[in-house]
Amino acid sequence: MQWSNLFIPTLRETPAEAEVPSHRLLLRAGYIRQLSAGIYSYLFLAQRSLLKITAIVREEMDAIGGQEMLLPALHPAEIWQESGRWDVMGANLFRLKDRWQRDLCLGMTHEEVMTSIARGELRSYKQLPQIWYQIQTKFRDEPRPKSGLLRVRQFIMKDSYSFDLDAAGLDAAYDKHYKAYCRIFDRCGLKYSVVEADSGAMGGSQSHEFMVSADAGEDFIAICDACGYAANLEKAVSAASAPAAADPEGDLTPEAFHTPGRKTIAEVGEFTGLPQTSQMKSLVMNADGKLLLVMLRGDHQLSETKFAAATVAKEIRQANADEIREAFGADAGSLGPVDVKNLRILADTALEGRRNMISGANRDDYHFRHVTPGEDFKAEFRDLRQAAAGDGCASCGAPLALKKTIELGHIFKLGYKYSESMGLNVLTAEGGEVPVIMGSYGIGIERVLSCAIEQSHDKDGMALPAAIAPFAVVVTPVNANDPAQRKAAEEIYEGCRALGLDALLDDRDERPGVKFKDADLIGIPFRITVGKKLAQGMVEFVERRTRASVDVPVAEAAAAVRAKCP
RNA sequence: CGGGGCGUGGCUCAGCCUGGUAGAGCGCCUGGUUCGGGACCAGGAGGCCGGAGGUUCGAAUCCUCUCGCCCCGACCA
């Protein structure tokens, strides 16, 4: 294509609203324009890139036997009510009414629709297994859209669903997806980690996330460089670091002492001269309306995900000040586990075996010293804390690192959640009726592009992987008014096209600086510059990422690009 | 939902405190000179200052309300 005919609205300056690199560059490079908060128009360049990404996704999904469909974005409330998610999803679900005042919503995922198709049609084990997928626009009324295309209210997602007779079948479908996702992200030129994840509201037993490390991300993962263990921070298991000070020996009795105005762990630590690791943190939680006391080491943080899993509660939150006062007779800041009779107490495993620690005394402005978990109070010991940087890896003991990441893809073993709630059953060989076991697998298409930019950019712009760049190569005559340059550039451009390359001819009557800057900005991986060396029959072949430049004869330029592209 | 910030030509911003009906740079259009990393000269187009109401002889500027956008936190497959 000829640049002079195209709509590529590059900006010299960064629009004020953009903060993260991918957002800045998508705007500056003329890929996207914002219509409203979290809602973007994808212009020519973005669309080309997204089409390349979806083509790769399609190829790999088809390769594992996936069958592409396209399902409605507009759903009747009934199917969401059946699965129970009409209520669970709350304000995140876009809801609307039709002219008859019937409730509808815009699909945020498609488990319900897929299951409703399957239950009408899948009747026999002989029809299993199935993998169905689609590439569809999804809608989520995010409380806080942000960071360009990273968190938006309308986005494209590849979602697939597997239907199997039994757990072994689900394992196989899950494994196929796992491998297909690796191939997809490899082909897209991304560096990523696969981590164990919480299956959360989706239900189900096993789940992995495909994460790209980036400062713009909003998820944390814990990762062990030594053995490869990696998990979402919500779920990561670790060996707690050693306490900073040894516990006092002996079978000591809790002893109250006055701590006027000392409420936080840090304040009590300063007051007692003891490190945070010698203290216990008492958190009061409300799980489905019941209060629980949670004990953690002073320097640890509660993982609400682990807590929710331990209590099997649907709704958890921190208890409010009134609830705390009523149950403990003291305010937060002076709470502790000693003599707590009527509440269930959960304690983190890092407290198991510790002795003679500090805790609140359930009396304002008093704490206890010499509190021994298991002796001075009874508790159920569970892994409840969030892993911290420097904790030991649970598998090999090497220190864990925390990384900020963007979630690109997520695969779930759903189990029977939807087949049971929505009545998707098949007959077995024995003639009995059993629910179908399902899996659900998503990829955020725009996030692939955003992550590629986050991973591959410099001060001049994007440096996209060739597989997903809107064009593979741009042919740039330095002086568009020089007939010889023009002719050579056109020949090379046609040569590239003949070799099946997506080529762009920068035929604009602009100064060379402008053309180079724009080419760098929009991230075309290769550039052929037709300039003064044309007199010797040579042109320059420049690689965007490395800036490496080699002179090649005009007749060989197209082939040189071809050799570098996937 | 809590906290903070911002809405002035396509973009970046000044003007607002101390009211007198709008500016710069970039971009855009025309002509000319240029042509290897965002050229130069000359001429030109483009803004009811987010919206509504109020104060005032007079509001981009002061007051009230409202809408929108961004950031931090909470929340979040």
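We use all heavy atoms of the structure for the numbers below, so side chains are in, but hydrogens, waters and symmetry mates are not. Please read these numbers as outputs of a predicted model, since none were measured by experiment. In the text below, chain A, chain B and the rest are named by the order of the sequence lines, each starting its count at 1.
- Where G531(A) and R140(A) each meet RNA chain B at their nearest nucleotide, the meeting point lying more 5' is that of G531(A).
- A donor N or O paired with an acceptor N or O is not found under 3.5 Å between the base of G27(B) and the side-chain atoms of R28(A).
- In this structure, CG of D141(A) is placed 15 Å from P of A77(B), rounded to the nearest angstrom.
- E142(A) pairs in a side chain to side chain donor-acceptor pair (under 3.5 Å) with only one of the listed residues (R153(A), Q154(A), R151(A)), which is R151(A).
- Scanning both residues, G461(A) and L25(A), for their nearest heavy atoms gives CA-CD2, 3.7 Å.
- As judged by a 4.0 angstrom heavy-atom cut-off over every strand, A480(A) is placed among residues making no nucleic acid contact.
- No N or O donor and acceptor, one from the side chain of E13(A) and one from the base of G10(B), sit under 3.5 Å apart.
- Counting heavy atoms from C-beta outward, Y174(A) and H208(A) have side chains that approach closer than 4.5 Å.
- Nucleotide C16(B) is matched to nothing when pairs are restricted to Watson-Crick or G-U wobble geometry with both distances under 3.5 angstrom.
- When the P atom is used for both G23(B) and C49(B), the distance is 14 Å, rounded to whole Å.
- Nucleotide C48(B) is matched to nothing when pairs are restricted to Watson-Crick or G-U wobble geometry with both distances under 3.5 angstrom.
- Phosphate proximity of C69(B) to S36(A): present, with a side-chain N or O under 4.0 Å from OP1 or OP2.
- G36(B) is unpaired under the criterion used here, namely a Watson-Crick or G-U wobble arrangement in which both key atom distances are under 3.5 Å.
- Using bins of under 30°, 30° to 60° and over 60° for the plane-to-plane angle, the ring pair F139(A)/F94(A) lands in the perpendicular bin.
- Between the CG atom of L521(A) and the C1' atom of G27(B) there is a distance of 15 Å, rounded to whole Å.
- For R144(A) and G2(B), a side-chain-to-base donor-acceptor distance below 3.5 Å is absent, hydrogens and geometry of angles not being considered.
- Nearest to the side chain of P15(A), among C13(B), C75(B), C11(B), sits C11(B).
- Residue-to-nucleotide contacts include a donor-acceptor pair under 3.5 Å from the side chain of D520(A) to the base of G37(B).
- Rounded to an integer number of Å, the gap from R511(A) CZ to A39(B) P is 5 Å.
- The partner of C1(B) is G73(B), judged by Watson-Crick or G-U wobble contacts that both fall below 3.5 Å.
- Across the strands present, G68(B) finds its partner in C6(B); the criterion is a Watson-Crick or G-U wobble pair with both atom distances under 3.5 angstrom.
- The aromatic rings of Y40(A) and H23(A) sit perpendicular, their planes meeting at an angle over 60°, well past the 30° parallel limit.
- Of the nucleotides present, none pairs with G27(B) by Watson-Crick or G-U wobble criteria with both distances under 3.5 Å.
- Summarising the geometry, the separation between NE2 on H410(A) and P on A77(B) is reported as 10 Å, rounded to the nearest angstrom.
- Using the Watson-Crick or G-U wobble rule with both distances under 3.5 Å, U21(B) pairs with nothing in any strand shown.
- Contact annotation: R12(A) side-chain N/O to C26(B) OP1/OP2 distance is not under 4.0 Å.
- The nearest heavy atom of RNA chain B to Q34(A) and to T10(A) marks one nucleotide each, and the one closer to the 5' end goes with T10(A).
- Cation-pi check for R95(A) over W80(A) is not met; the charged atom does not lie both under 6.0 angstrom from the ring centroid and within 45 degrees of its normal.
- Taking 3.5 Å as the limit, the base of G37(B) and the side chain of D460(A) contain no donor-acceptor pair of atoms between them.
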